[in-house]
Q: 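I'd like to ask you about the structure that follows.
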There are 2 protein chains.
Amino acid sequence: MAIPALDPFQVIADPSRRQILQLLSKNSLTINSLAENFDMSRPAVSKHIKILDSAGFISIQNIGRERYCILKQDGFNELQEWINYFDGFWLSKLQKLEALMNKKISEHQNK
Amino acid sequence: MAIPALDPFQVIADPSRRQILQLLSKNSLTINSLAENFDMSRPAVSKHIKILDSAGFISIQNIGRERYCILKQDGFNELQEWINYFDGFWLSKLQKLEALMNKKISEHQNK
DNA sequence: ATAATATGTAACTTAAAAGTTACACAAACT
DNA sequence: AGTTTGTGTAACTTTTAAGTTACATATTAT
């Protein structure tokens with residue numbers, strides 16, 4: 001059976017995970033130093049890290065006993081495509097409106 | 001106390017809701033005609049509609065006893081901004097890499 | 001060698017999300 | 001007026017997600 005890959009939309013639905021990504025956009029950080037930014041326990045953060053990692057939002061580099069978390073683009077791609085699709089939708093709606101207006105204007109001028 | 005506004009990330013985390021948005025990007029549809037596209041019960045779809053509506057992803061126009069669902073941009077804005085932020089991050093990473101390469105190249109040439 | 005540090009993981013609890021069925025009600029046919 | 005249709009909502013169940021504590025393990029420092 002196919003491995004049920006993590007749904008990136010599900011992954012970023014959690015505010016803590018979004019905040020982790022936010023923090024990592026400033027600096028690469030170890031799991032403990034990340035955890036200092038949160039009220040929740042260290043194992044909870046550790047879980048989020050695992051999820052972000054397996055969904056391709058971050059990569060992890062082991063340095064001795066420390067694990068540095070680094071932002072990674074892969075996880076973002078599907079989200080971006082999704083947003084782009086709807087962007088296109090709004091854009092084409094605008095373009096239709098524009099075309100309609102141009103038509104109205106030229107009709108007006110030809111009176 | 002502040003009204004706990006729906007988190008748009010949470011809203012689109014559900015695959016059914018994303019599919020609803022997808023369908024509505026093709027046509028505006030009534031709730032029943034939307035429900036025909038799903039295995040779940042009509043009330044379940046109705047619930048999703050309510051969520052999408054209150055999060056600003058759709059608007060609803062009542063025509064007699066029917067309710068037409070229409071895609072609305074508002075709900076998408078926060079998502080878009082979020083994605084844009086990280087887009088900027090990747091872009092600036094690329095630019096830094098480019099700058100580094102240019103430096104290396106000019107160092108090489110000055111040997 | 002021992003202690004401290006950075007981390008993973010298992011077992012459990014709690015809370016929230018998504019679905020169901022059953023029922024209510026207003027609009028539209030006949 | 002009575003029936004059908006389109007919809008909302010309440011009450012409930014089930015599933016899943018997120019958190020906790022407790023413990024295990026490997027690396028580093030003393």
Side-chain angles (χ1 to χ4, degrees), chain A residues 1-24 27-70 75 79, chain B residues 1-24 27-70 75 79:
Chain A
M1 48 195 157
I3 300 116
L6 285 189
D7 176 354
F9 294 90
Q10 193 89 8
V11 171
I12 61 156
D14 186 286
S16 303
R17 284 196 287 267
R18 290 203 300 278
Q19 200 183 335
I20 290 174
L21 293 176
Q22 193 70 35
L23 289 166
L24 293 180
N27 287 301
S28 294
L29 293 168
T30 64
I31 298 188
N32 266 350
S33 50
L34 266 171
E36 282 167 17
N37 296 279
F38 295 89
D39 280 341
M40 59 185 158
S41 67
R42 200 259 320 151
V45 174
S46 194
K47 261 190 187 178
H48 285 308
I49 295 297
K50 196 175 178 182
I51 291 169
L52 288 169
D53 182 32
S54 56
F57 283 89
I58 63 173
S59 63
I60 297 179
Q61 191 168 355
N62 295 337
I63 297 184
R65 63 188 164 189
E66 290 181 320
R67 312 192 71 205
Y68 277 84
C69 302
I70 302 147
L79 304 174
Chain B
M1 47 193 156
I3 298 117
L6 286 188
D7 176 353
F9 294 90
Q10 193 89 8
V11 171
I12 61 155
D14 186 286
S16 304
R17 285 197 285 267
R18 291 202 301 277
Q19 201 183 334
I20 290 174
L21 295 175
Q22 193 71 34
L23 288 166
L24 293 179
N27 287 301
S28 293
L29 293 168
T30 64
I31 298 188
N32 265 350
S33 51
L34 266 172
E36 283 168 15
N37 296 277
F38 294 90
D39 280 341
M40 60 185 157
S41 68
R42 200 261 318 153
V45 174
S46 195
K47 260 190 187 176
H48 286 307
I49 296 297
K50 195 175 177 181
I51 291 169
L52 288 170
D53 183 31
S54 57
F57 284 90
I58 64 173
S59 62
I60 297 179
Q61 191 167 355
N62 295 337
I63 298 186
R65 64 188 163 189
E66 290 182 320
R67 315 191 70 204
Y68 278 85
C69 302
I70 302 147
L79 304 175

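Throughout, a chain's letter reflects where its sequence line sits, starting with A, and its residues are numbered from 1.
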Q: I need the CE-C1' distance between M40(B) and dA17(C), as an integer number of Å.
A: 13 Å
Q: Any side-chain N or O of H48(B) under 4.0 Å from OP1/OP2 of dG19(C)?
A: yes
Q: Round to a whole Å and report the spacing from CG of D39(B) to P of dT20(C).
A: 9 Å
Q: Could you state the CG-P distance from D14(B) to dT16(D), rounded to the nearest angstrom?
A: 13 Å
Q: Given that I31(B) and R65(B) both sit by DNA chain D, which one's nearest nucleotide is further toward the 5' end?
A: R65(B)
Q: Rounded to the nearest 0.5 Å, how far does OG of S46(A) lie from CG of N32(A)?
A: 9.0 Å
Q: Between S41(A) and Q10(A), which residue's closest nucleotide on DNA chain D lies nearer the 5′ terminus?
A: Q10(A)
Q: Restricting to pairs with a member in residues 32-44 of chain A, which pass salt bridge (charged side-chain N to carboxylate O under 4.0 Å, His left out), not counting sequence neighbours?
A: none
Q: Where the side chain of T30(A) is concerned, which of dT9(D), dT21(D), dT7(C) is the nearest nucleotide?
A: dT7(C)
Q: Check for me whether R18(A) meets the cation-pi criterion with F9(B), that is, NZ or CZ under 6.0 Å from the six-membered ring centre and within 45 degrees of the ring axis.
A: yes
Q: State whether the distance check finds a donor on one side and an acceptor on the other, under 3.5 Å, for side chain R42(A) versus base dG8(C).
A: yes
Q: Can you tell if the side chain of F38(A) reaches within under 4.5 Å of the side chain of H48(A), non-hydrogen atoms only?
A: no
Q: Of the options dT7(D), dG8(C), dA18(C), whose atoms approach the side-chain atoms of K47(B) most closely?
A: dA18(C)
Q: How close or far is atom P of dA6(C) from atom CD1 of I60(A), stated in whole angstroms?
A: 16 Å
Q: How is K50(A) classified with respect to the nucleic acid when contacts are heavy atoms under 4.0 Å: base, sugar-phosphate, or nothing?
A: sugar-phosphate
Q: Without decimals, in angstroms, what is the distance between Q61(B) CD and dA27(C) P?
A: 17 Å
Q: Send over the distance from I51(A) CD1 to dG8(C) P, rounded to a whole Å.
A: 13 Å
Q: Once you round it to whole Å, what is the distance between C1' of dA28(C) and CG of N62(B)?
A: 15 Å
Q: Of the options dT7(C), dA22(D), dG19(D), whose atoms approach the side-chain atoms of N32(A) most closely?
A: dT7(C)
Q: Atom CD1 of I63(B) to atom C1' of dA26(C): distance rounded to whole Å?
A: 16 Å
Q: For the CD1 atom of I51(A) and the CD1 atom of I58(A), what is their distance to the nearest 0.5 Å?
A: 10.5 Å
Q: Looking at S46(B), I'd like to know whether one of its side-chain N or O atoms comes within less than 4.0 Å of OP1 or OP2 on dT7(D).
A: no
